[in-house]
Amino acid sequence: MDNKAKYQKIFIDSLSIESAKFNEKIKYNEIPEWDSIGHMTLMSGLEEGFKIALETDDIVEFDSYKTGIEILKKYKVF
Amino acid sequence: MDISKDIEKIKNFSTEVKKNILEMAFTAGASSSHFGGALSIVEIISFLFSHKMKIKKNNPNWIDRDRFILSKGHACLAYYAALCEVGYITKEQIKTFEKDDSDLLGHPVINRKLGIDFSNGSLGMGLSLGIGVAIALKKNKKENNIFVILGDGECNEGSVWEAAMAAPNLNLSNLYAIIDNNNFQQTGSNKEIMNTDSLYKKWSSFGWETKEVDGHDIEKLCKIFEESEQSPKPKAIIAKTVKGKGFSFSENNNSWHHAVLSKTLYEQAKKELI
Amino acid sequence: MIINERNIKVWSTIGSRATFGIAALELAKEVDNLMVLTCDVSTSAGLDRYRKIYPDKYLDLGIAEQNLIGVAAGLASEGFNVITTTFAPFQTIRCCEQIKVNIGYMKQKICMVGIASGLTLGNLGFTHCCIEDVGILRTIPGITIISPSDSLETVKALEAAIKSDKSIYIRLTGSSNNPIVNDKDYTFEIGKSIKLREGKDLTIFCAGAMVYNCLEAAKILSEKNISCSVVNMHTIKPIDKDAIKKASEKSKLIVSVEEHNIIGGLGSAIAEYKAILNNSPKQLIIGVDDIYSKGGSYKFLQEKHGLTPGKIVDNILQNLK
């Protein structure tokens, strides 16, 4: 599985979203699953999945699927 | 509707309540008792226990009973007296008032067997309890009401106003706060100690269905409660009362906030009751 | 609740407050008569999701803690299973007398959850820290006091509290990325401490977020050939007397570590029992030394008040001389 596919899977698993409901436009607080608790679960899932430790600023900035991709470039995931 | 029979019933109940109060005050002896503040609520508590409240004689734990909280717990002489008249406390038991190991102390201690549903005495707490009960009754789909008697001095407590703010927000139409406005607190008059000014304005500004009434006029009590019934808001009844009402030596005399009832005065009081 | 490795890790990341929120959500599914009451702290207590999904089992009473306890007691008197929560100082001290009368005296059963206790919110100053709650509540008869060591233990404590017929205060400490003390499911019993490490020289009793620090301290001490037992005394009241007795028989030194004033908390509770034992060793009470210091980050305050693993080690070494 490449990292893009892995990234998507982590999103779906961590936020417990139905696959059918998932799309790349999702944003923090725009879907019920991605609330503050969902967000921390997602961050934890990404750290575990990609073996990285996210900085606090990045956790705060991470507000959409697309923004996440940009942030993860810093950690050489993409 | 002929309410004269109801008024007669409530009046008789009040007389018995006063008799019981005298007995307990005398029994207390040198320990003294909160005589004045109990007398100011005699008609109110008699109206509630003999007429307004849905309760069953001799069955204090009836699940469908209306609930009652004496937030001004030091007025317990009147409370125990009323509980005696509805068969929850015996005449023998009221003789144990303030005695060692008694179930009947100078402030009510929770005792479901005796119909004392809550412990009170530390002022300012009863209305919050009442809110919790009112919410629970609605959630359990019960049509019952909950009646809380507070003192006017008690309205100094901030916690009263926390509760007063919450109840209208929670749409508690089944909650009645009856304020015993006898104008006195322990050390002196309300005006001297901490002027509460217009309790009517305060409670109605908080969003309660607020009424003022002569707290010793049984007919007016009946009328005012009937008028308020339909309101969707919680009800605040500001009862204008006289501390120590009913006996010549105690009326409006703040020394009777907490005092010893001597044998002489006890005998005199019994004569005044007839 | 499903307790597995993944959840344990997630709960650790999100911290004990958010874990409490998740646990409450699960409880609401099973407990029909559950009511969660708060004082304007939904997000801070991890209850946003709960509030949206179970509005009928949730009540926000605004910033009015005295009313909170009275309302909770009224609900409890009518058969509801009630949890109250707000920041620890307001949950315990602001409405202390209401707790005494309604919970201690009248015995209305309520589970109180004090969030961000100890020094977590030190950057907001000591009004938002709590180093007094255990000491104050210990003096009110009838209240069990539990200080969970990590997020998993928070879940266990809450589940136990809901089942119990006693009133319980759960003191939540630590922040997000709460270190894991319990890495798999285990049996949690109110009143029974858990020995996490066996050692022959001394015994460290601890609770809450300090448990992890004490385990780290014990590792450092073992490198210096000092062998420590570490006991998670999650239930501070009623205290596990048996554990204290056993430790007193075997150890040269008893140490207690708490994110609380040294007066009145875990250390005092241990000392009170230890005092009646014949031939018990000295006790070193480590905690906040009865002072409101200047504020700062959680890490800064742990350092300042001798609660980091390194500082705990130094203190113990000094007292072993």
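What you are looking at is a predicted structure, and each value in this text was computed from that prediction instead of being measured. Just so it is clear: chains get the letters A, B, ... in the order the sequence lines come, proteins before strands, and each one is counted from 1.
Here the closest heavy-atom approach between residue Glu78(C) and residue Asn140(B) is recorded as O-ND2, 3.9 Å. Closest heavy-atom contact between Thr84(C) and Gln91(C): OG1-OE1, 3.0 Å.
Interatomic distance, CZ of Arg94(C) versus CD1 of Ile99(C), reported as 12.5 Å (0.5 Å rounding). For the atom pair Leu124(C) CG and Phe87(C) CZ, the distance stands at 8.0 Å (nearest 0.5 Å). Between the NZ atom of Lys235(B) and the CZ atom of Phe147(B) there is a distance of 9.5 Å, given to the nearest 0.5 Å. Note: Ile146(C) CD1 to Thr235(C) OG1 = 4.5 Å, rounded to the nearest 0.5 Å.
Using a 4.5 Å cut-off between heavy atoms, Leu137(B) contacts chain C through its side chain alone, with no backbone atom that close. Proximity to chain B involves both the backbone and the side chain of Glu97(C), based on heavy atoms less than 4.5 angstrom apart. Contacts between Leu59(C) and chain B at a heavy-atom distance below 4.5 Å involve the side chain alone, from C-beta outward.
Contact of the Met1(C) side chain with the Glu159(C) side chain is registered, since non-hydrogen atoms from C-beta on lie closer than 4.5 Å.
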Only pairs under 3.5 Å count here: list side-chain donor-acceptor contacts from residues 113-122 of chain C, not counting sequence neighbours, and write none if there are none.
residue, atom, partner, partner atom, Å
Ser117(C), OG, Asp133(C), OD2, 2.7
Ser117(C), OG, Arg171(C), NE, 3.0
Ser117(C), OG, Arg171(C), NH2, 3.3
Thr120(C), OG1, Ser117(C), O, 3.2

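The interface of residues 110-131 of chain B with chain C, defined by heavy-atom distances below 4.5 Å, comprises Ile110(B), Arg112(B), Phe118(B), Ser119(B), Ser122(B), Met125(B), Ser128(B), Leu129(B), Ile131(B). Below 4.5 Å, heavy atoms of chain B meet heavy atoms from Met35(C), Asp56(C), all part of residues 22-58 of chain C. Residues of residues 154-179 of chain B placed with any heavy atom under 4.5 Å of a heavy atom in chain C are listed by number as Ser159(B), Glu162(B), Ala163(B), Ala166(B), Leu170(B).
Residues Phe225(B) and His51(B) keep their aromatic ring centres 6.0 Å or farther apart. Annotation: His74(B) is not in aromatic contact with His258(B) [ring centroid separation under 6.0 Å not met].
Heavy-atom pairs under 4.5 Å with chain B peak, among Asn102(C), Ile69(C), Leu75(C), at Leu75(C).
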